[in-house]
Amino acid sequence: MELIITEKDNAARRLADILSGGTFDSSRENGVNVYEWGGKRCVGLSGHVVGVDFPSEYSDWRDVEPVELIDADVEKTATKENIVATLRILARKANRATIATDYDREGELIGKEAYEIVREVNEEIPIRRVRFSSITENEVQSAFEEPDELDFDLAAAGEARQIIDLIWGAALTRFLSLSAGQLGNDFISVGRVQSPTLKLIVDREREIEAFDPETYWELFADLRKGDDVDTFEAQYFYRDEDDNEAERVWDEAVASEVYETLSERDAATVVDVNGRTRTDTPPTPFNTTQFIRAASAIGYSAKRAMSIAEDLYTAGYITYPRTDNTVYPDDLDPEELLDDFVGHSALGDAAESLLEADEIVPTEGDEETTDHPPIHPTGEIPTRGDVSDDEWEVFELVVRRFFATVAEAAVWEHLKVVAEVDDYRLKANGKRLVEPGYHEVYPYFNTTENFVPELDEGDELSLTEVEIEEKETQPPRRYGQSRLIETMEDLGVGTKSTRHNIIEKLYDRGYVESDPPRPTRLAMAVVEAAEDYADRVVSEGMTAQLEADMDAIANGEATLEDVTDESREMLEEIFANLAESRDEIGDQLRKSLKDDKRLGPCPDCGEDLLVRRSRHGSYFVGCDGYPDCENTLPLPSTGKPLIQENECEEHGLNEVKMLAGRQTFVHGCPLCKAEDAGEGPILGACPDCGDEHDGELAVKTLQSGSRLVGCTRYPDCEYSLPLPRRGDIEVTDERCEEHDLPELVVHSGDEPWELGCPICNYQEFQARESDTGSDLEALDGVGAKTVEKLADAGIESLDDLTDADPDAVADDVDGISADRVRTWQAKA
DNA sequence: GCAAGGTC
């Protein structure tokens, strides 16, 4: 039996399909899919199935000096035990093994991990390596016709990276965390990729903080040709000392003088007309970074874009979304792929128009790699009910990007007109899209035109509407997530698979907040400490050097030991300097941690009020003077508090926003909220204790800002009904007959909300909650329509789905693939 | 519990 090993299950199934001509059987072993046909078995790993770590005697942070980690052993342990176990079982029975992991450095290392597991249980059998950059008939067949050997040097290069990353990351992370006394969940982390990325953000913030705005003026006027109805806008410009065109006037007196002259005149003379035609070439195929950039332009965060792309990939609609490649492989036939869209209601017209071209030549980007093809549609098209709106939008983006790469260039006509008024000059830049080209199938770019009429030198124009605008120079803008990912790629930091996760990590570690990401004081302090004592770890140079060293290992010019030994020595030196400054670094970090939590002065004692977390995990405001000062203020129970920049005028406390996804809201000043607390109007008798104890229901506002209808005898009577957090509550004269309570109206925004009797309202709310239908809707991308379709096939709950045979479901339900069912099962 | 790299 021949055992074929791929990097992921999806690749294993597609390989089996190609090699078996579609005749393979599948079974499951330890929760791992095994594909079998004619004496061959194919199994997919899940990326790395083993990982590096220190021996267990190093695991207690307090018992080990961080510096000891530098010379500690580094062990490999199984991280996916079920997969490793399955691989062992299959390897015992095999008489040959073929490694078919991805065709890149990390793939070679994952292949070597599989190699070692196979060798452990079977010393005899030949183990070979096949390489292909896309899983297509041609590539796969020719790879298997000419198998190769595993490249152990290349794999060793990857291992050197693993060891260096672990040692530097763990030793420095533990050092900073211990110095600041931050153990447990809130440790202070440092790493070869995250720290240079954080430094990018911090450096930009430093520029913003140091920015000193300057005032300048810009002048505009409307020009009109002859009897034309439309005017066009022109801007004043001059030649600066370097003879460059400049529009900003830095001297107010000069600006006023120009303004007055222009205002007094009613005509301008055309002195220069310059027309040119510009070709606007279609965009190149999507790699991961460019895909994230395009998705972010239509409103998706990097994380969300990748998560949707992964789902579309698993469902079989698009190719693998983690790729560096921007050149389509030879065996992608664009016409064949376009054909798949012909006749489709939303995408068919574009495909048909593209097929009319005499010749179809796709664009190419600069990166041609062997890992995977650029991201493109597979030709399988989901029906709208199959996928969520977001998934469809991202799918359409990928399809249209493919369309754009095989479309014609667009052509713009630019027309620059310069007109003179006395010694002053005005210019107007016109542009017109004369050939829309690829823009017709790819509507995501701005194609705004600017009208300027045909003119000749010497033409007289009428001059109206002169305007002067006072402006200020702006600080540089913060990096957005996708710009950050592009910059990381430019600097060679991180990989296509990790860059977006690294940004998530910065959020999780408390280093950045909001979007675009803004660094916390802790982040500034960590970067500062690293710059002072371990500059390497915040510099992209560390990755550049590591890449060079890995190349040397791969070429046989250096060994893994050479490279890791040298790296260990460098880290030893860093620790020699760090040791003396441990207390000083710790003080700085602790101070910045407090800065990130500070709201303002405590009204009781003058110390700082801080956002704190209770043992149960809920947030509240407490005084830094505790236990001497026991002043506290509550915070809302939903969400994670984010301290805003603006302060409450009355108390000098920063306002607080509660981050809770879609339910995010501004809480405001916690002290104002606490002072607003109290009992509002009485509504009627309490249904629980009104008869017995004369309890009454009242509208109440709690110190945390939440509102409810509750009994005046609280805490003796705990009867309560929920009310919305926002809006003014009006108590009307209408009364509910059943409960004898007034109907309520909530005023917020434009439309008043007729909440009605609070008891009826709560009962309706509860009824809706218990009737939210199927738990199937909890799955990503499953909407009401899909639930209905699944119900028709007898699948009404997650349990039903887990028990179902994916292939049978695919047969029964239109537009749902077995792959998708498997994904759901895995998630359920 | 530390990193970064795969993958889900």
Side-chain angles (χ1 to χ4, degrees), chain A residues 6-12 31-33 44-54 56 58-64 66 68-70 72 74 79-80 82-83 101-102 104-114 155 157-178 182-197 306-315 320-322 371-372 488 493-502 504-506 508-509 537 542-543 546 550 567 571 779-780 819-820 822-828:
Chain A
T6 68
E7 189 156 322
K8 43 192 167 279
D9 174 57
N10 226 301
V32 183
N33 291 326
L45 307 175
S46 182
H48 289 287
V49 291
V50 296
V52 291
D53 208 347
F54 301 111
S56 60
Y58 292 91
S59 41
D60 193 329
W61 293 29
R62 283 159 303 190
D63 286 355
V64 180
E68 292 179 62
L69 295 175
I70 300 175
V74 174
T79 48
K80 302 273 164 56
N82 61 325
I83 298 177
T101 45
D102 291 355
D104 56 18
R105 184 174 57 218
E106 218 58 27
E108 210 66 21
L109 176 52
I110 292 166
K112 192 204 163 197
E113 290 163 7
E159 287 182 296
R161 179 200 58 70
Q162 287 185 316
I163 293 166
I164 290 169
D165 281 343
L166 174 67
I167 294 177
W168 281 69
L172 289 170
T173 295
R174 285 195 194 182
F175 180 88
L176 292 186
S177 303
L178 286 163
Q182 288 291 112
L183 297 177
N185 285 329
D186 293 326
F187 55 87
I188 297 171
S189 71
V190 174
R192 175 181 56 87
V193 175
Q194 58 165 292
S195 299
T197 305
M306 283 312 287
S307 148
I308 292 175
E310 278 152 19
D311 287 343
L312 291 170
Y313 155 71
T314 335
Y320 193 61
R322 293 188 271 263
D371 56 352
H372 294 281
M488 291 170 76
V493 164
T495 73
K496 62 208 173 188
S497 314
T498 59
R499 291 187 192 109
H500 62 279
N501 296 329
I502 293 285
E504 279 307 304
K505 180 176 277 187
L506 297 181
D508 291 345
R509 296 280 189 269
V537 83
M542 180 166 175
T543 295
L546 183 59
M550 283 196 287
S567 183
L571 191 55
L779 293 166
D780 261 4
D819 276 356
R820 257 187 114 196
R822 287 192 196 95
T823 314
W824 288 336
Q825 288 178 333
K827 285 187 181 170

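Below, read A as the first sequence line, B as the second, and so on, with proteins coming before strands; counting in each chain starts at 1.
Closest to the side chain of A:Q194, from the set B:dA3, B:dC8, B:dG5, is B:dA3. Comparing atom distances between the A:T495 side chain and each of B:dG6, B:dC8, B:dA3 picks out B:dG6 as nearest. Checked against B:dG6, B:dA3, B:dC8, the side chain of A:S189 finds its nearest nucleotide in B:dA3.
Nucleotide B:dA4 holds its P atom 18 Å from the CD atom of A:E113, rounded to whole Å. Here B:dG5 presents its P atom at 8 Å from CZ of A:R499, a figure rounded to the nearest Å. Atom CE in A:M306 sits roughly 11 Å away from atom P in B:dG6 (whole-Å rounding). The distance between atom NE2 of A:H48 and atom P of B:dA4, rounded to the nearest whole Å, is 14 Å.
Here the straight-line distance linking atom CZ of A:R192 with atom OG1 of A:T543 works out to 4.0 Å at 0.5 Å rounding.
We find that the ring of A:F187 and the base of B:dG1 do not stack by the test of centres under 5.5 angstrom and planes tilted less than 30°.
With hydrogens and angles ignored, no donor-acceptor pair closer than 3.5 Å exists between the side chain of A:D9 and the base of B:dC8.
Side chains of A:S59 and A:S56: a donor-acceptor N/O pair is absent below 3.5 angstrom, by distance only.
Below 30°, between 30° and 60°, or above 60°: for A:Y313 and A:Y320 the angle between ring planes is above 60°, a perpendicular geometry.
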